[in-house]
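Note sheet for the following structure.
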Amino acid sequence: GQNIDQPTEMTATEGAIVQINCTYQTSGFNGLFWYQQHAGEAPTFLSYNVLDGLEEKGRFSSFLSRSKGYSYLLLKELQMKDSASYLCAVRIAGAGSYQLTFGKGTKLSVIP
Amino acid sequence: EPEVTQTPSHQVTQMGQEVILRCVPISNHLYFYWYRQILGQKVEFLVSFYNNEISEKSEIFDDQFSVERPDGSNFTLKIRSTKLEDSAMYFCASSEFEEGNEQFFGPGTRLTVL
């Protein structure tokens, strides 16, 4: 089966750095995505890793270790608008399909 | 910037009624997906669609569900006889290629079954 774990909630201070961890146990791994979801809205793409290492994209970075089944999302220079849920999703290579399997999400609260 | 659109934004229906949720994927995308998110829970995969046929479906996607691409732009999800537990946010997503490419999500349709 597929199992994706991430912390339920985190709190961080405006201007600080926060790291959100994700561990996964899946078969047919074909990449790991991070999405941001504000309450009542659709998930929006943040980053994608398919090879080990760090991907940097502005204030956001994502790291992947396939051997450890581990990823993290790093958010720098936190802003109040970064308060949202952050979803770790693993792409599974199925039979002619590449669906995403999501974790439950980490609700990040940024405080002044 | 191109985006996935969905209608309606909110649908209220009585248990046992049929509903059709509509999506317009990004125009040059070839792969289409439906996901759902029950309030307070994780996003769950329902079905993927490519080349006018279902490529994969989850256990949730039982005989009450069907998908269709009736024309060159729309992609629909039909629930034949809604149940209370079908109440959720339904997201349509599309991607340009099978892999190496993100899935773009629509704004969702909130389905409430009474």
Side-chain angles (χ1 to χ4, degrees), chain A residues 1-9 20 22-24 26-51 55 57 60 62 64 66 73 84-107, chain B residues 1-6 9-10 21 23 25-26 29-61 67 88-110 112:
Chain A
Q2 323 289 352
N3 192 41
I4 300 172
D5 286 316
Q6 49 182 133
T8 306
E9 293 185 35
I20 302 174
C22 171
T23 58
Y24 63 89
T26 64
S27 55
F29 177 84
N30 195 263
L32 190 138
F33 289 75
W34 284 95
Y35 279 81
Q36 181 191 61
Q37 186 179 31
H38 285 98
E41 297 184 11
T44 54
F45 171 79
L46 289 177
S47 71
Y48 163 65
N49 296 70
V50 67
L51 300 175
E55 292 285 338
K57 202 173 179 181
F60 298 85
S62 57
L64 175 67
R66 289 173 298 170
L73 178 70
S85 286
Y86 291 84
L87 315 182
C88 173
V90 172
R91 187 169 59 192
I92 308 297
S97 169
Y98 288 83
Q99 75 233 40
L100 295 177
T101 298
F102 284 86
K104 293 182 179 179
T106 297
K107 184 177 179 182
Chain B
E1 185 176 332
E3 58 183 17
V4 177
T5 59
Q6 291 185 241
S9 56
H10 193 182
L21 311 183
C23 168
I26 294 172
H29 285 189
L30 302 176
Y31 298 86
F32 314 120
Y33 309 84
W34 283 102
Y35 292 85
R36 80 169 185 191
Q37 187 175 31
I38 296 170
L39 187 64
Q41 298 188 25
K42 65 180 180 180
V43 177
E44 299 175 291
F45 168 75
L46 292 178
V47 65
S48 57
F49 192 87
Y50 169 70
N51 199 27
N52 282 319
E53 60 182 25
I54 290 174
S55 43
E56 198 147 8
K57 58 185 180 181
S58 72
E59 296 169 350
I60 303 168
F61 194 88
V67 290
M89 184 75 97
Y90 288 81
F91 293 109
C92 172
S94 70
S95 64
E96 188 174 3
F97 306 113
E98 251 187 329
E99 60 177 312
N101 198 265
E102 69 195 79
Q103 292 181 19
F104 291 83
F105 282 73
T109 294
R110 179 167 297 285
T112 302

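Reminder, nothing fancy here: chain letters follow the sequence lines and each chain counts from 1.
Scanning both residues, B:G106 and A:A42, for their nearest heavy atoms gives O-CB, 2.8 Å. B:F91 approaches A:Q37 most closely through the heavy-atom pair CZ-NE2, 3.7 Å.
Every residue two or more places apart in sequence or in another chain that forms a side chain to side chain contact (heavy atoms under 4.5 Å, CB included) with B:A93 is listed here: B:Y33, B:Y35, B:Q103, B:F105. Not counting sequence neighbours, the partners of A:K57 by the side chain to side chain contact (heavy atoms under 4.5 Å, CB included) test are A:F45.
Between A:E41 atom CD and B:M89 atom CE the span is 9.0 Å, to the nearest 0.5 Å.
Looking at B:E102 and A:Y48, their side chains never come closer than 4.5 Å, going by heavy atoms from C-beta outward.
Using a 4.5 Å cut-off between heavy atoms, B:Q6 makes no contact with chain A at all. Heavy atoms of A:L87 lying under 4.5 Å from chain B belong exclusively to its side chain.
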